[in-house]
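Below, each value reflects all heavy atoms present in this structure, side chains not excepted, and no hydrogens, waters or symmetry copies. Just so you know, these numbers come straight off a predicted model, no measurement behind them. Index from 1, following the sequence.
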Amino acid sequence: PVGALLNLGPEIHACVNGANGLWATKPVYQRFRSIVKEHGRALTSVMEGNTIGEAFVKRLGFKETSRANGVVKFEVSDGD
(Lines give C-alpha, C1' and ligand atoms only; values in the text may rest on other atoms or scores of the structure.)
Protein backbone atom coordinates (compact mmCIF):
# COMPACT_ATOMS: atom_id res chain seq x y z
CA PRO A 1 0.00 0.00 0.00
CA VAL A 2 0.96 3.58 -0.58
CA GLY A 3 0.07 6.36 1.84
CA ALA A 4 0.73 9.98 2.59
CA LEU A 5 0.44 12.18 5.66
CA LEU A 6 -0.73 15.68 4.78
CA ASN A 7 -0.85 18.62 7.14
CA LEU A 8 -1.65 22.30 7.28
CA GLY A 9 -0.67 23.60 10.69
CA PRO A 10 -2.11 21.22 13.29
CA GLU A 11 -4.63 19.69 10.88
CA ILE A 12 -3.53 16.26 9.67
CA HIS A 13 -5.02 13.90 7.12
CA ALA A 14 -3.82 10.50 6.00
CA CYS A 15 -4.47 9.28 2.46
CA VAL A 16 -4.04 5.61 1.66
CA ASN A 17 -4.78 3.69 -1.51
CA GLY A 18 -7.56 1.18 -0.84
CA ALA A 19 -5.21 -1.65 0.18
CA ASN A 20 -4.83 -2.80 3.76
CA GLY A 21 -1.39 -3.24 5.24
CA LEU A 22 1.51 -1.35 6.73
CA TRP A 23 2.10 2.07 5.19
CA ALA A 24 2.47 4.24 8.30
CA THR A 25 6.15 3.51 8.80
CA LYS A 26 8.36 4.87 11.58
CA PRO A 27 9.24 8.06 9.61
CA VAL A 28 5.51 8.75 9.06
CA TYR A 29 4.82 8.29 12.80
CA GLN A 30 7.79 10.52 13.67
CA ARG A 31 6.41 13.24 11.36
CA PHE A 32 3.02 12.92 13.07
CA ARG A 33 4.63 13.32 16.52
CA SER A 34 6.66 16.34 15.33
CA ILE A 35 3.45 18.06 14.15
CA VAL A 36 1.84 17.45 17.56
CA LYS A 37 4.91 18.82 19.35
CA GLU A 38 5.21 21.84 17.06
CA HIS A 39 1.56 22.87 17.43
CA GLY A 40 0.77 21.40 20.85
CA ARG A 41 -2.00 19.36 19.27
CA ALA A 42 -3.21 17.76 16.06
CA LEU A 43 -6.67 17.77 14.54
CA THR A 44 -8.24 15.43 12.02
CA SER A 45 -11.61 14.28 10.78
CA VAL A 46 -13.06 11.03 9.49
CA MET A 47 -16.27 10.42 7.58
CA GLU A 48 -18.87 8.85 9.86
CA GLY A 49 -19.05 5.10 9.26
CA ASN A 50 -15.39 4.83 8.20
CA THR A 51 -14.55 2.32 10.91
CA ILE A 52 -11.04 1.68 9.57
CA GLY A 53 -10.26 5.42 9.61
CA GLU A 54 -11.71 5.88 13.10
CA ALA A 55 -9.73 2.91 14.45
CA PHE A 56 -6.54 4.29 12.87
CA VAL A 57 -6.79 7.74 14.46
CA LYS A 58 -7.76 6.26 17.83
CA ARG A 59 -4.63 4.07 17.73
CA LEU A 60 -2.63 7.29 17.33
CA GLY A 61 -4.23 8.66 20.49
CA PHE A 62 -6.87 10.94 18.95
CA LYS A 63 -10.05 11.51 20.96
CA GLU A 64 -13.41 12.31 19.39
CA THR A 65 -14.41 15.96 19.89
CA SER A 66 -17.58 16.29 17.80
CA ARG A 67 -19.90 14.66 15.28
CA ALA A 68 -21.93 16.63 12.74
CA ASN A 69 -23.11 16.30 9.15
CA GLY A 70 -21.52 12.89 8.71
CA VAL A 71 -18.06 14.02 9.88
CA VAL A 72 -16.36 12.93 13.11
CA LYS A 73 -13.70 15.35 14.40
CA PHE A 74 -10.77 14.23 16.54
CA GLU A 75 -7.97 15.90 18.48
CA VAL A 76 -4.80 14.74 20.19
CA SER A 77 -2.70 16.99 22.44
CA ASP A 78 1.01 16.95 23.19
CA GLY A 79 1.35 14.84 26.32
CA ASP A 80 -1.69 12.63 25.60
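- Shown are Val76, Leu6, Ile35; of these, the side-chain contact (heavy atoms from CB on, under 4.5 Å) with Ile12 is made only by Ile35.
- To the nearest 0.5 angstrom, Arg31 atom CZ is 5.0 Å from Asn7 atom CG.
- When every heavy atom of Glu48 is checked against every heavy atom of Glu54, the shortest pair comes out as CA-OE2, 4.4 Å.
- Although no hydrogens or angles enter the test, the distance criterion places no donor-acceptor pair under 3.5 Å between the side chain of Ser45 and the main chain of Val72.
- Using a 4.5 Å heavy-atom cutoff, the side chains of Leu43 and Arg41 are in contact.
- With values rounded to the nearest 0.5 angstrom, Lys73 atom NZ is found 8.0 Å from Glu11 atom CD.
- The closest side-chain heavy-atom distance from Asp78 to His39 is not below 4.5 Å.
- When all heavy atoms are compared, the tightest approach of Val36 to Ala42 is CG2-CB, 3.7 Å.
- Between Phe56 and Phe74, the ring centre distance reaches or exceeds 6.0 Å.
- Cluster annotation: Leu5 and Phe62 are assigned to the same hydrophobic cluster (Ile/Leu/Val/Met/Phe/Trp/Tyr, side-chain heavy-atom contacts under 4.5 Å, transitive).
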